[in-house]
Amino acid sequence: MKICVATGTRAEYGLLRPLMTAIKNEPNWQLQILVTGAHLSPEFGLTFQEIEKDGFQIDKKVEMLLSSDTASSIVKSMGLGMIGFSDALRDLNPDLLVILGDRYEMLALASSALIFTIPIIHLHGGEITEGAYDDAIRHSISKMSHFHFASTEEYKNRIIQLGENPKFVHNVGAIGLDSVKKLPLLSQDQLEKELNFQFKKYNYQVTFHPSTLDKELPEKQFQILLDAIDKQEDSFFVFTKANADTGGRIINKMIDDYVSTNSNKARAFSSLGNLRFLSLVTFCDAAVGNSSSGILEVPSLKTATINIGDRQKGRIQAESIINTKVSEIEILEAFEKVKSEKFKNKVENCVNPYGSGDTTEKIMTELRKVNLEAFRTKQFYDSNN
């Protein structure tokens, strides 16, 4: 059985890596890897090289990103992607295609696979993120998919509510927790040496992506966060840059500008890679911003999350997460809260609702049972009948 795993961003690959390894090691299965999007862009760190360094062979590269982040350029990038995916899927001819999440690159790929009648395995469907158009993309991919691996029981039920057959919908937890559980993380000394900085009394990891459905401009929102960061004393901030989304480039420029004038308290990276990112978070007082990692993985590292704005609104959350509006006052209050012993105890004892780090094993158990003939046709599952 040929199983093609698609990835377009650094974060997505970090989540998929354990599953890719398991598929590669399965007897009588052939792993195919399709790389696209920001992985192939110098601006975003040419992160396809991380995949190759990990010992994987990339079977197809599909260039699609234009050097712009307007709505028009994103739509054109999707069109270019579909042109490239048509050739890639024709040549690879996989039996199954694995897609994670809600990126526009994956919407273009799922649409292409639908026409090729290639069954799709979708991870992280059924979730709600009200502040971004990713929400609609995620549900759309679910409707084009045949096999679903949800991260909580509530999300599983929501996929079934979309008309998906319960027989093909499984709650397996969040796959990002597999790396949290199994990766041997770096020590503080190793991390400081690799990233060329020294931690201070308080330390924070910051990732802020555009909330693509907000009326307020992303640069205005991010400036409010920077103003709050500026008021933090004896603190160090490690920025990871925004994705290739509408408005992402202005945020990345603002990060570079801030770091260039505040080198004593901040560093910025296009990509840290999964190992360095997870290691960093363990030594931080909080992960700050609006990334899904702050909701899904960070609680299992026993680190607080300051979740800003509506980008992740609707997701199930651990008690270690502080939600704020895009308000300097609320963000400043959150910085103070994470320093309190009472909240630190809550973070240390919180339970992550997204599982315990055995997602890959659960997925592989189900994939070994797959009958491809069952996916040749797909019917709407009416829960009222």
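The first residue in the sequence is number 1, and the count goes up from there.
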Any carboxylate oxygen within less than 4.0 angstrom of a Lys/Arg side-chain nitrogen, looking at [X] and [Y]?
X	Y	answer
K201	E233	no
E43	R249	yes
E361	K182	yes
D285	K339	no
D87	R90	yes

Under the rule for ring pair (Phe, Tyr, Trp, His ring centres under 6.0 Å), what residues qualify as partners of F85, not counting sequence neighbours?
none
Listed by chain and number, what are the ring pair (Phe, Tyr, Trp, His ring centres under 6.0 Å) partners of Y354, not counting sequence neighbours?
none
Using distance only, find each side-chain donor-acceptor pair of residues 342-350 under 3.5 Å and give its atom names and separation, not counting sequence neighbours.
residue : atom : partner : partner atom : Å
N345    : ND2  : E341    : O            : 3.3
N349    : ND2  : N345    : O            : 2.8

Residues in salt bridge (Lys or Arg N to Asp or Glu O under 4.0 Å) contact with [X], at least two apart in sequence or another chain:
X	answer
R138	D102, D135
K231	E328
D230	none

Once you measure the plane-to-plane angle for [X] and [Y], does it fall in the parallel (<30°), tilted (30-60°) or perpendicular (>60°) bin?
X	Y	answer
F237	Y204	parallel
Y258	F239	perpendicular
F283	F199	tilted

A quick test of your reading: do over 12 heavy atoms of other residues, nucleotides or ligands sit less than 6.0 Å from [atom1] of [X]?
X	atom1	answer
K76	NZ	no
K193	NZ	no
K313	NZ	no
K181	NZ	yes

Just checking, is any N or O donor in the side chain of T7 or E12 under 3.5 Å from an acceptor N or O on the other one?
yes
Could you check whether any side-chain heavy atom of [X] comes within less than 4.5 Å of a side-chain heavy atom of [Y], counting everything from C-beta outward?
X	Y	result
E366	V370	no
I141	M106	yes
D95	W29	no
S291	H209	yes

Kindly confirm or rule out a cation-pi arrangement of K241 over F44, judged by NZ or CZ under 6.0 Å from the six-membered ring centre and within 45° of its axis?
no
Please round to the nearest 0.5 Å and tell me the distance separating atom CG of L225 and atom CD1 of I229.
4.0 Å
Atom NZ of K61 and atom CG of D59: how far apart are they, to the nearest 0.5 Å?
11.0 Å
Within the side chain of T240, is there an N or O that forms a donor-acceptor pair under 3.5 Å with the backbone of F269?
no
Do D134 and R103 pass the salt bridge (Lys or Arg N to Asp or Glu O under 4.0 Å) test, and can you show the C-alpha distance, the side-chain angles, and the key distance before you say yes or no?
CA-CA 6 Å; D134 299 1; R103 297 281 306 170; 5.2 Å; no
Given S151, which partner from the list E127, R315, K156 fulfils the side chain to side chain donor-acceptor pair (under 3.5 Å) test?
E127
Evaluate side chain to side chain contact (heavy atoms under 4.5 Å, CB included) for L296 paired with H124, printing each intermediate quantity in order.
CA-CA 11 Å; L296 300 175; H124 279 281; 3.8 Å; yes
